[in-house]
Number of protein chains: 2
Amino acid sequence: MAIFSKTCEYAIRAVFYISHKSASGDRAGLKDIAAGIDSPELYLAKILQDLSRKGLMRSVKGPHGGFYVDADLLARPLSDIVEAVDGFGLFHGCALGLKQCSEINPCPLHEQFKSIRDQISDLLHRTTIGGFNEELLGGLLSLKK
Amino acid sequence: MAIFSKTCEYAIRAVFYISHKSASGDRAGLKDIAAGIDSPELYLAKILQDLSRKGLMRSVKGPHGGFYVDADLLARPLSDIVEAVDGFGLFHGCALGLKQCSEINPCPLHEQFKSIRDQISDLLHRTTIGGFNEELLGGLLSLKK
DNA sequence: TGAATAAAGGACAAGAATATCCTTAATTAT
DNA sequence: ATAATTAAGGATATTCTTGTCCTTTATTCA
């Protein structure tokens, strides 16, 4: 198992890609993004449409159109993307899948995973969509391969 | 997304259930286990067969048969179960799904998730299959609901 | 030995996630 | 206005996970 769904992996990589293009004032077209993050183009289209509808992405149709994020979105936490795509399970669900697992009715792993989940949550709330733009522009970080 | 696959959730809960029965010298039948952890009986059968084949579980056919774990298995780490069912992805995979993500070719989340993955790995290696038997016998921990 | 019980194993079914296809709508440039 | 471009949207296809069914094999007990 991975931490995120494949859909969410594509979403995060695409958002980072679009973000660093936006930082240079460019919009990114679907083909460009799909090539830039090595994802299936038409599947990615669906993901970006979904993020667009949810207000986590902006787009313009027609020649020289494409996807971009504005300053407001650059500052949003990555957790917004993860929640929109994978929901709250990663932050709040029981590791063993129990619906009523809680402090007063804990599963065996409840205590230990509480800390893990909190750290993942903190990490994704602290990290912003635009937070890696310099490193991405400098080629220090990878979004494909 | 959850941390573990549904299959792995059932596997872990079943192993804990069987373990605490084994601690009392009992074997646990399929119906008993499925009821005890609230899982689909026939699907659970497949999971336990698989663990049996892999030597992570013992079973006896016929009347008064069932599943059990011996002292050797009681002491094995929970990571053995997770690896057998979900593979190594949770411990070693890239959060963004990149095949070649590494220290020298990192994805944007590489550094931060390294720590998270290490903690999950430590936790599952430190926790033994039989480690919650007293609490389970005392009804302090839940494997269903 | 024969009947009953319980896991093993193979095949199939349902559902969800992932991926593709094709048409429509919006925007730009000529 | 028209043609070209690009995202939006609906429908369908594929693959993987989850779940069920049915027959076979091993074991126990009478």
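Lettering follows sequence order; numbering is per chain, from 1.
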Subject >> Residue closer to the 5' end of DNA chain D, B:Arg27 versus B:Glu41 (nearest nucleotide) >> reply: B:Glu41

Is the shortest side-chain N/O distance from [X] to OP1 or OP2 of [N] below 4.0 Å?
| X | N | value |
| --- | --- | --- |
| B:Ser52 | C:dA7 | no |
| A:His64 | C:dT27 | no |
| A:Thr7 | C:dT18 | yes |
| B:Ser59 | C:dA6 | no |
| A:Tyr10 | C:dA19 | yes |

Subject >> Of B:Gln49 and A:Gly62, the one whose closest DNA chain C nucleotide lies more 5' >> reply: B:Gln49

Rounded to the nearest angstrom, tell me the gap between atom [atom1] in [X] and atom [atom2] in [N].
| X | N | atom1 | atom2 | result |
| --- | --- | --- | --- | --- |
| B:Leu30 | D:dG19 | CG | C1' | 13 Å |
| A:Asp50 | D:dG10 | CG | P | 12 Å |
| A:Arg58 | D:dA8 | CZ | P | 12 Å |
| B:Ile18 | C:dA6 | CD1 | P | 15 Å |
| A:Ile33 | D:dA7 | CD1 | C1' | 11 Å |
| B:Asp38 | D:dG19 | CG | C1' | 14 Å |
| B:Tyr43 | C:dG9 | OH | C1' | 16 Å |
| B:Glu9 | D:dT17 | CD | P | 15 Å |

Nucleotide nearest [X] when distance is taken to its side chain, options [options]:
| X | options | answer |
| --- | --- | --- |
| A:Arg53 | D:dC21, C:dT27, D:dG9 | D:dG9 |
| A:Phe67 | D:dA7, D:dT18, C:dA8 | D:dA7 |
| B:Val60 | C:dG9, D:dT27, C:dT27 | D:dT27 |
| A:Ser5 | C:dT5, D:dT18, C:dT18 | C:dT18 |
| A:Pro40 | C:dA19, D:dT25, C:dG9 | C:dA19 |

**OP:** Indicate yes or no: at least one non-hydrogen side-chain atom of A:Pro108 is less than 4.5 angstrom from one of B:Leu143.
**Re:** yes

Original post:
Using 30° and 60° as the class limits, which term best fits the ring planes of A:His20 and A:Tyr17: parallel, tilted or perpendicular?
Top reply: perpendicular

Original post:
Hey, what's the ring geometry for A:Phe91 with A:His125, parallel, tilted or perpendicular (30° and 60° as the breaks)?
Top reply: tilted

Original post:
Run the side-chain contact (heavy atoms from CB on, under 4.5 Å) check on A:Leu30 and A:Glu41 step by step: do they pass?
Top reply: CA-CA 7 Å; A:Leu30 189 55; A:Glu41 183 180 327; 3.8 Å; yes

Original post:
When all nucleic acid strands are considered with a 4.0 Å heavy-atom cut-off, which category describes B:Lys46: base, sugar-phosphate, or nothing?
Top reply: base

**OP:** Considering only NZ, NE, NH1 and NH2 on the basic side and carboxylate oxygens on the acidic side, decide whether B:Lys54 and B:Asp50 come within less than 4.0 Å.
**Re:** yes

